[in-house]
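Scroll down for the structure; my scribbles are underneath it.
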Protein chains: 2
Amino acid sequence: MATEKGLRERKKEQTREALSWAAIRLTVERGFDNVLVEDIAAAAGVSARTFNNYFSSKAEAIAARHADRGRRIAAELLARPADEPLWTAITEAVVAGFTGAPGGQTDPGPQWRKQVPIMLDSPALQGEFLRANAAVEADILAAISARTGIDSGQLYPKLLAGTVGAAILAVLDHWRQAEDPPPVAELLREAFGLLAQGPPTR
Amino acid sequence: MATEKGLRERKKEQTREALSWAAIRLTVERGFDNVLVEDIAAAAGVSARTFNNYFSSKAEAIAARHADRGRRIAAELLARPADEPLWTAITEAVVAGFTGAPGGQTDPGPQWRKQVPIMLDSPALQGEFLRANAAVEADILAAISARTGIDSGQLYPKLLAGTVGAAILAVLDHWRQAEDPPPVAELLREAFGLLAQGPPTR
DNA sequence: CGAAAACTTGCGCGGCGCGCAAAAAGATGT
DNA sequence: ACATCTTTTTGCGCGCCGCGCAAGTTTTCG
């Protein structure tokens, strides 16, 4: 009668999420430097020491939410019809990664627009976020490789995956800074559309 | 009798460089976690406290070398003939940023091939290096904006600058991991050449 | 030369990340 | 149901980091 998996693993996943969300929430509320690991742990009902069993830094706990997207995007990319043009598949997979949410909302709603910047002005956060994005790129790279059969050690696929990652960052940055930006999904489609035309000739 | 600039600024620049190089050298020799701030400071003939006046972390001191490239690339980009196609100008500017070295070598020679990876397996280093690359992108973005007249707040130029940054990372990563890689400059030209053709249609 | 400005240094504090070993909690066999 | 094994949580302690502060020291400039 086991619900798919052992109780153990479920609990782990649970506290991991709890910690991650608590870290995000508190950071948004008070700012990164005004949140102690202790606070996060307490908010998740766990000891401070345990926090570091899950994440090796405050920043990592926060960025983990973004890193997860990599897996979702990769999965979606592999699930797409094999005869679909690669760029289209990538575009849709990425969009899906930002809209398709498991359980909760993932596409950051308007309420986040104002809060997210607060997080990103902490240097440590920036670095960790970029690291997470690198992880996303790695996942995408693997998926591209699996899909096309091109060895992931080649320069070209790396370039491709890197471009995708950069596009994601550019979109998020734009969404973050623009006056009254369109939804992320829309921006993503626009970005990938622009990229599809290659760099400017002039 | 001032040699261009005040003595003060020259000294500052000097210790900054000394600290940065010392940090790199020691990290390469012993590994990031086995280097104390104290050691770096000592190697540069300065107090530990002073180190943190220049850099706010060990990682930053190391990544600073990469961040500097941004300025050089941007300068080169602006110095190029205005009627040159943008993508060509960017390519050459980036290449110049990796080959043109002020005083010392900048294009990492073969001796670095084996050492650089040692640095990058420290999480903190990775994050900081990506941050430095983001700074490089920002410089490039500004230069692109200045050159084309397109507002840097627009999505498109951000996308462009981001792509350039991603290409640099991809190249370095490839150079780092490949068996017996060509010089960086060559890889860069190859990468930008590939990007010039846009994403794959299939 | 003497006052002002900029930089360096020592000291101390709060916090972090982790190794370690004991306790607690889930899993497993009979 | 119980005893046992495995995995996770927890408390404690250590070394290090990054920074505020308040002297000292050095450069600049009138």
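All chains are named by letter (A, B, ...) in the order of the sequence lines, taking the proteins before the strands, and each is independently numbered beginning at 1.
- Here C:dG17 is the nucleotide among D:dC16, D:dT10, C:dG17 with the atom lying nearest to any side-chain atom of A:S57.
- Closest to the side chain of A:R49, out of D:dT6, C:dG10, C:dC20, is C:dC20.
- In the set D:dC19, D:dT9, D:dC12, the nucleotide with an atom closest to the side chain of B:N52 is D:dC19.
- No side-chain donor-acceptor contact under 3.5 Å links B:E128 to the backbone of B:A63.
- Atom-to-atom, NZ of A:K12 to P of C:dA27 comes out at 12 Å; the value is rounded to the nearest Å.
- The phosphate of C:dT8 has OP1 or OP2 within less than 4.0 Å of a side-chain N or O from B:Y54.
- Protein atom NZ of B:K58 is 16 Å distant from nucleotide atom P of D:dG15, rounded to whole Å.
- The distance between atom CZ of A:F51 and atom P of D:dT8, rounded to the nearest whole Å, is 18 Å.
- The closest donor-acceptor contact from the side chain of A:T27 to the backbone of A:M119 lies at 3.5 Å or more, if one exists at all.
- Within the 4.0 angstrom heavy-atom criterion, base atoms lie near A:T50.
- For A:V37, counting side-chain heavy atoms from C-beta on, the closest listed nucleotide (C:dC16, C:dT9, D:dG18) is C:dC16.
- Rounded to a whole Å, the CZ atom of B:R10 is 17 Å from the P atom of D:dT26.
- Remark: C1' of D:dT8 and CD of A:E13 are 15 Å apart, rounded to the nearest angstrom.
- Judged by distance alone, with hydrogens and angles left aside, the side-chain atoms of B:K58 form no donor-acceptor pair with the main-chain N or O of B:D33 at under 3.5 Å.
- Using bins of under 30°, 30° to 60° and over 60° for the plane-to-plane angle, the ring pair A:W87/A:F192 lands in the perpendicular bin.
- Per the geometry, CG belonging to A:D33 stands 18 Å off P belonging to D:dC17, to the nearest Å.
- The CD atom of A:E128 sits 15 Å away from the P atom of C:dC16 (whole-angstrom rounding).
- When the nucleotides C:dC16, D:dC19, D:dC16 are ranked by their closest atom to the side chain of B:L36, D:dC16 comes out on top.
- Listed pair A:K11 / C:dA25 fails the phosphate criterion, with no side-chain N or O lying under 4.0 Å from OP1 or OP2.
- Distance A:L19 CG to C:dG17 P: 13 Å, rounded to the nearest Å.
- Between the B:T88 side chain and the B:E84 main chain, no donor and acceptor come within less than 3.5 Å of each other.
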